[in-house]
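To start, the structure itself, in structure tokens.
Atoms considered below: every heavy atom in the structure, side chains included; atoms not considered: hydrogens, waters and symmetry mates. The structure presented is a predicted model; accordingly, all values stated were derived computationally and were not measured. In each ligand, atom 1 is the first atom listed, and ligand 1 is the first ligand listed.
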Amino acid sequence: MIKVTIYNEGEHEKTSEAVRSVYPDGIHNCLKAALESDDVVITTVTLDTIEELTEEALAATDVLIWWGHMAHNKVPDEIAKRVQTAVLEGMGVIFLHSGHHSKPFKLLMGTSCNLTWREDGDQELVWVCNPAHPIAQGIDRFIKLDHEETYGEPFGIPEPDELVFIGNFEGGEVFRAGCCYRREYGKVFYFQPGHETFPTYKNPDVIKVIKNAIYWAAPIYRKKLDCPHVKKPLEA
Ligand code: ZN
């Protein structure tokens, strides 16, 4: 059984009729309904309940999914740091779409994570560039999204350990849309599709990618970070 926690800040849904019409129960509940299965159990957290992301809750989470956009700054620094530490200690994490500017993603990357963006509802083709990767299984050559926010290079991230998808937009932009990282014991996946006014998280292929990423990111080893001092080389 894989324990997943979905954090969606849940602010757009409060103020935008356009977003509510696409995600009436919030992005988190849409994802939960699509991703939950016999071997994946999901709990959800929003900005209003973010204090629930305690050290204990993160220790009991195999994979954290993070969607945020307009309220990145309202995430307490200590919670962002707590997420970073949990990943270093083995928890998996999946950052979606505008999560590229979230505090925990920037802590884990150590770079600006800036990108070029445009909101014209372009069509996007999310191309599989590594068909042998576990996260790409079940996806044909590309995922076609009729409308998505355009994200373009340069994307201010460290060189990904593995690049799984490249997005190509109607206007010509390209973007590293699916990036894998290992950070100490934990795995990180960034996946670009998912603007709040488009029904991206109702696309079965997008859901398949996120589901694959849950299995990929689930920890195989977890340990509190330490830096042991031993007096002899072979001392236990
Ligand atoms: Zn967006």
Within the 6.0 Å centroid threshold, strictly below: F155 and F175: yes

Atom of H97 closest to the Zn ion (ligand 1), considering N, O or S atoms: NE2

N, O or S from E149 under 2.8 Å to the Zn ion (ligand 1): yes

The Zn ion (ligand 1) to nearest N/O/S of H69 less than 2.8 Å: no

Atom nearest to the Zn ion (ligand 1) - H195, N, O or S atoms considered: ND1

Residues, nucleotides or ligands: over 12 heavy atoms within 6.0 Å of I220 CD1: no

Presence of salt bridge, K81 and E78, under 4.0 angstrom: no

Carboxylate-amine/guanidinium contact R118 E170, below 4.0 Å: no

